[in-house]
Structure formats: C-alpha cells, structure tokens
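A short worksheet on the structure shown next.
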Amino acid sequence: MQAALDTLRHVFGYDAFRGEQGDIVHHVAGGGDALVLMPTGGGKSLCYQLPALLRQGTAIVVSPLIALMQDQVEALRQLGVRAAFLNSSLDAGTAQAVERDFASGALDLLYVAPERLLTPRFLSLLDEARIALFAIDEAHCVSQWGHDFRPEYRQLTLLHERWPEVPRIALTATADAPTRREIVERLALEDARQFVSSFDRPNITYTVVAKADSKRQLLDFLAEKRGQSGIVYCLSRRKVEQIAGDLAAKGVVALPYHAGLDAAVRAEHQRRFLREDGIVMVATIAFGMGIDKPDVRFVAHLDLPKSLEGYYQETGRAGRDGDPADAWMAYGLGDAVLLQKMIEESESGEERKRLERRKLDALIGYCESTGCRRQSLLAYFGEAHPGACGRCDNCIEPPRSWDGTVAAQKALSCVYRTGQRFGAAHVIDVLRGADTQKVRQFDHDRLSVYGVGEDLDAKQWRSVMRQLVAGGWLQVDVEGHGALRLTSTSADVLKGNATLTLRAEAERAPRTRRGRTPTTGEPATDLPSDAQARFESLRLWRASVAREQNVPAYVIFHDATLRQIALAEPSDLDALAHIQGVGATKLERYGRDVLDALATA
Ligand code: ADP
Ligand code: ZN
C-alpha cells in the first residue's frame with residue numbers, strides 16, 4: 001500500500017486517496033477484477049492509472065470516444081507517464097510507431113477504441129506484449145437501454161476468455177441497478193468485486209425553475225456566468241441552432257453541437273470547448289459522454305432530459321474539479337407532454353413503454369418536489385441522504401406552499417365541462433375568462449366555469465395544471481393531442497374529500513448568490529484580492545504554455561491547483577511540491593515558471 005501512496009504523491013502530486021480509490025487500486029494492483037461505480041468527477045481514472053504503474057506491463061484502456069483519447073493521453077504525459085493511444089485518427093506511420101513502443105514494453109498505458117481492440121491484428125499484438133490490466137471505461141456502453149450503446153462492447157468478454165489471468169476493471173458513472181446488472185452479465189464480471197461510491201456531487205447546486213420565457217430565463221442565468229464554460233442542453237437540433245444563435249447575438253461565446261452537423265464542424269466545436277476558456281456549448285445529448293473537461297461550471301437544461309439517470313449524467317459533467325458548479329433546469333408542462341408523446345408514439349414494446357413512463361413520472365416528481373433536490377435525486381439511485389443540503393434551490397430558498405384545493409376544483413371542473421378535449425392553454429383561457437376565437441367557437445364563455453379563475457394569473461394556473469398532472473389528478477391524453485383528462489383520483493378533489501397543498505412559484509426567477517464577485521470575465525472564486533491577482537497571473541501563464549504546446553489548459557494544472565498555489569504562495573520548489581496536483585514531473589517542468597509568475601503578480 002505504501003508503494004501506491006508513494007506513486008500517488010510522486011506522479012500525481014496528491015497526498016491521499018479519495019473515497020474508495022485506495023481499496024480499488026489495492027485490489028486491482030493485486031490482480032483482482034473490479035466493477036467501479038463512481039459519479040463523474042469522483043476520480044475513476046486514477047483507479048486504473050495507478051495500478052497500471054504498479055503492475056508489470058502495459059495497461060490496455062478501452063475507451064469509446066476517440067476524439068477524447070488524445071487529451072487523456074496528453075494529461076498523462078504531462079505527469080511523466082508513458083501513455084499513447086491507437087485509433088483511426090492516427091496515420092499509418094504513427095500507429096506503427098505506437099505499436100512498436102507497445103510491443104517493446106515502452107508504454108505504461110495504451111488507450112484503444114473497442115473496434116480497434118477487436119481486430120485480429122491488435123489481438124495478436126496483445127499476445128506478444130505483457131499486459132498489466134484491462135480497463136473498460138464507460139462500461140455502461142454495453143447496455144442497450146442507454147443512449148450510449150456500443151455493440152462492440154459486448155464482444156469484450158473475449159478479453160477475459162483469452163487472458164483470464166489479466167485483471168479487468170470496468171468503470172461507469174451510471175448508477176441504476178438494471179444497467180449495473182447488465183454490465184456484470186455482458187462483461188462476465190460475476191466474480192469481480194463491486195465498488196459502489198456515494199453518488200452525491202456535493203459541489204453541484206441544483207435548481208429547477210418553472211418555464212415561462214425560457215430564453216429570457218436562460219440569459220438571466222447566464223448573466224452571472226460570464227467567462228465560464230458550460231453546456232446548455234436542448235431536445236432538438238433545431239432548437240440547438242436557434243439558442244446558439246440567440247446567445248451569440250447577445251455576446252455569449254456559444255457553439256452548437258448536434259448529430260446533424262458535419263463531423264468536422266462537430267469536432268472543431270468540441271475542440272474549442274475543451275481548449276478555450278469560457279465557451280458555452282449548446283447541444284443535444286449527442287454531446288458530452290467522456291468529456292472530462294474538469295472546469296465546466298454549469299449545465300443548463302432548456303428541455304426536460306429523458307430520465308433522471310440522463311439528468312444525473314448530463315449535470316454530472318459540471319464541476320469535475322470539485323469547485324462549485326450549477327445544474328439549472330427550466331421545466332414546463334409542455335415538456336412533459338412532449339416526452340410522453342414520444343414514448344407513446346415510439347415503436348417500443350409495451351414493457352419498455354411502461355418502464356419509460358415510470359422514468360418520466362420520477363423525473364416530473366423531481367421537478368415538482370418541494371423538498372431537498374439532492375435528497376430526492378439520491379433516493380432515486382437508492383442512496384439515503386439526510387436532506388437540507390444547503391446547495392439546492394429548495395434548501396436555499398424553501399418554496400412557499402398554499403392550499404390549492406379550491407383552485408384544483410376549479411381546474412378539474414373546467415376540464416370536465418369543456419369535455420376533456422383541450423390542452424392546458426385553452427382550459428386556462430376559460431378559467432380566466434379570456435375572449436379568444438376558440439372560446440367563442442365552442443361557446444365556452446357560456447359555461448359556469450368561465451372566468452371563475454380570474455384570481456390567479458396565467459402563470460399561476462400553469463403551475464396548478466402542472467402540479468395536477470404531476471400528482472396524477474389530471475392526465476394528458478397523448479393520442480388526443482395533449483388534451484387533459486380526469487383520472488380516477490380527480491373525483492376525491494372535486495367532491496372535497498381531498499385537500500391539496502401546492503407549491504407557489506418563486507416570484508423572482510434569477511437568484512444572485514451572496515459572496516459572488518460581479519462578472520468580470522473571470523470565473524468567480526472566493527479568493528482574497530491579492531491571492532486573486534496571483535491566481536489570474538498563474539492562469540495567464542498557463543494559457544500561454546497551453547497554447548505553445550497545443551494542449552488544453554487543464555492538463556498543465558487544474559484551476560484548483562492554481563488556486564492553492566495562489567493562496568499558499570510557495571517561496572521555493574520544495575514548498576511548491578507540497579501543493580495538491582504538483583507531481584515530480586510537473587515540478588521539474590513548470591516549477592520555476594510558476595514561482596516566476598507568482599513573483600510578478
Ligand atoms: P471521473 O473519471 O470519475 O469523472 P476523474 O478521474 O476525471 O473523474 O477525476 C476527477 C478529478 O479529480 C480530476 O481533476 C482528478 O485530477 C481529481 N482527483 C482524482 N483523484 C484525486 C485525489 N486522490 N486527490 C485529489 N484529486 C483527485
Ligand atoms: Zn437540498
């Protein structure tokens with residue numbers, strides 16, 4: 001174990017393992033198989049990188065995204081680790097050189113795409129080399145239930161059959177039990193030890209706002225994020241283009257990303273997002289898997305994700321470096337109706353549809369929840385959390401609730417009197433006594449419910465409708481174009497046998513947090529001003545080094561490391577060596593420059 005700690009300090013510059021890392025490293029270095037479930041940002045890479053250094057031979061890392069291998073390998077090289085990758089992006093000459101290095105035992109780690117790994121040529125190469133271990137990253141790609149399904153992953157059992165004595169470690173941030181079972185089965189990991197970490201991401205603040213003018217709401221949210229990197233998720237390609245354009249017009253550096261874009265454009269946008277500071281990626285869920293940029297400061301959802309698993313994965317891309325980050329979502333009834341429609345109209349079998357409906361319900365429940373978001377999110381993954389996290393909208397500003405029984409009665413009877421054939425917008429018009437073409441056409445101004453709801457505004461009614469649907473007192477008839485219908489429990493409310501406590505919408509949508517510096521183009525940190533000046537000087541130095549080497553800035557040093565340096569103000573190399581994230585190689589390469597940058601700040 002001492003050897004592991006020594007290598008952790010010497011190579012990675014860290015003093016201690018995080019969570020289960022130590023046990024995992026020990027187990028795999030000792031030759032055991034492992035299945036590691038750890039949230040994004042939990043520190044999965046170290047779990048195979050360290051055993052790779054402790055064991056004889058080369059570790060083979062199977063990774064599904066070739067576009068990202070280069071940065072992963074670059075980060076290792078910066079640490080002085082002998083790493084390389086093999087994928088279709090390399091020309092023949094370079095690939096051969098990598099293969100030669102591998103065969104001669106000159107590599108600690110070799111990253112390969114699954115399709116390359118499975119070629120007869122590569123398999124015979126493996127026969128000749130000494131293999132330290134197999135790491136299967138993003139192991140949930142074996143699951144056909146997720147959107148990351150990769151058929152080649154299913155053939156990876158071959159590794160176990162051909163090299164039964166080589167330890168395997170499969171890693172994923174996907175927590176749900178069915179996916180976990182599928183990974184075990186498909187990768188033949190029945191005998192592997194499972195390491196399940198807490199899935200809490202304490203540095204992420206969760207916020208859900210009721211959709212009103214979502215573009216405006218997004219801009220308000222982004223106003224306090226100037227200069228920070230983030231991702232804005234939308235459901236459709238068209239909306240991605242539109243929002244990216246709108247943001248750009250407002251001076252935000254925003255780039256679109258979706259499967260309909262030319263591959264070269266996609267690659268370029270991804271490259272810029274990874275390498276430049278402060279880019280906002282507006283994307284469909286086609287973007288994000290394996291993006292290990294540590295300083296993504298926010299993930300915003302303008303449309304509902306497909307499920308809480310999806311939401312958790314997508315928001316998990318924020319704040320991998322452990323610094324504060326935001327997960328923000330705007331949610332409206334229309335989203336829920338649209339997703340429900342997509343489920344009903346899909347070709348899936350009834351069993352699958354039932355599963356998806358349940359997942360959608362859970363997601364809506366999360367959006368509507370008045371309790372601690374972290375608690376309900378973790379509960380969904382089977383993890384208990386005491387609540388009152390202090391880092392979600394409901395904890396920071398507990399929602400007011402009100403007795404919505406009478407409003408609910410009005411809403412339900414309006415749905416009933418208009419014939420259960422209309423969507424929320426028209427029902428609200430009738431309740432509010434609006435004079436619209438549709439109201440006149442159907443003589444709805446003659447109904448007894450016409451105008452009985454003038455005491456609430458349209459926004460409040462939308463909130464009531466949403467909560468009635470979420471609570472199962474109303475259902476959306478997807479075949480009837482989103483018409484609202486009563487359910488078996490509606491009668492209880494109508495007859496006055498049930499009282500309803502509803503959540504009141506927050507009056508002011510954007511919430512500016514205390515202690516945040518105003519937007520200056522630099523990410524907000526809570527450093528004292530002299531340390532802040534040193535931090536900025538270090539960032540400038542880092543940017544120039546990164547440009548020179550054509551690598552992402554974070555592979556030189558993470559923000560967190562620079563911040564510690566700025567605070568500790570080390571006066572010599574020995575003192576600098578004690579900072580977390582400063583290993584021997586980086587100390588040697590950059591130590592002097594860092595001290596200089598400090599001196600000139
Ligand atoms: P994951 O792959 O699980 O999303 P990473 O392996 O990218 O997470 O690690 C997330 C961040 O945590 C990285 O910036 C990494 O350098 C840092 N990290 C990992 N292990 C430790 C540790 N033991 N001490 C300090 N920082 C760590
Ligand atoms: Zn909370």
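For ligands, and for the atoms within them, numbers begin at 1 and follow the listed sequence. Excluded from the calculations below are hydrogen atoms, water molecules and symmetry mates; all remaining heavy atoms, backbone and side chain alike, are included.
Protein heavy atom nearest atom 7 (O) of ligand 1, with residue, atom name and distance: Arg320 NH1, 3.5 Å. Nearest protein neighbour of atom 6 (O) of ligand 1, counting heavy atoms only, is Ser45 OG, 2.3 Å. Protein heavy atom in closest approach to atom 12 (O) of ligand 1: Arg18 NH1, 3.0 Å.
At a threshold of 4.5 Å between non-hydrogen side-chain atoms, the residues Thr370 and Ser401 do not count as touching.
Here the side chain of Gln270 pairs no donor or acceptor atom with the backbone of Tyr257 at under 3.5 angstrom. A donor-acceptor contact shorter than 3.5 Å is absent between the side chain of Arg400 and the backbone of Arg503. A donor-acceptor contact shorter than 3.5 Å links the side chain of Asp33 to the backbone of Arg168.
Cation-pi check for Arg373 over Tyr366 is met; the charged atom lies under 6.0 angstrom from the ring centroid and within 45 degrees of its normal. For the pair Lys293 and Tyr554, the cation-pi test (distance below 6.0 Å, angle within 45°) is failed.
Taking all heavy atoms of Tyr14, Phe17, Phe12 into account, the minimum distance to atom 24 (N) of ligand 1 is reached by Tyr14. Considering each of Lys44, Gln580, Gln21, Glu138, the one bringing a non-hydrogen atom nearest atom 2 (O) of ligand 1 is Lys44. With distances taken over non-hydrogen atoms, the option nearest atom 10 (C) of ligand 1 out of Ala560, Gly41, Gly581, Ala75 is Gly41.
Set against the non-hydrogen atoms of His558, the atoms of ligand 1 under 4.0 Å away are 13 (C), 14 (O), 16 (O).
Considering backbone and side-chain atoms alike, Gly43 places an N or O below 3.5 Å from some N or O of ligand 1. Residue Asp321 has no nitrogen or oxygen atom sitting less than 3.5 Å from a nitrogen or oxygen atom of ligand 1, judged on distance alone. At least one N or O atom of Ala16 sits closer than 3.5 Å to an N or O atom of ligand 1.
Ring centroids of Phe273 and Phe287 are separated by less than 6.0 Å, placing the two rings close together. Side-chain rings of Phe221 and Phe298 approach one another, their centers coming within less than 6.0 Å. For His140 and Tyr153, the gap between ring centers reaches or exceeds 6.0 Å.
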Under 3.5 Å donor-acceptor pairs involving side-chain atoms of residues 575-582, not counting sequence neighbours:
residue, atom, partner, partner atom, Å
His578, ND1, Asp574, O, 3.0
Gln580, OE1, Asp15, N, 2.9
Gln580, NE2, Asp15, OD2, 2.7

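Side-chain contact, Arg201 with Tyr206: no donor N or O sits under 3.5 Å from an acceptor N or O. For the residue pair Gln375 and Tyr380, no side-chain donor N or O sits within less than 3.5 Å of a side-chain acceptor on the partner.
Only the backbone of Pro39 comes within 4.0 Å of ligand 1, judged by heavy-atom distances. Contacts of Thr40 with ligand 1, taken as heavy-atom pairs under 4.0 Å, involve both backbone and side chain.
For the Zn ion (ligand 2), protein N, O or S atoms closer than 2.8 Å were enumerated as Cys372 SG, Cys389 SG, Cys392 SG, Cys395 SG, with waters left out.
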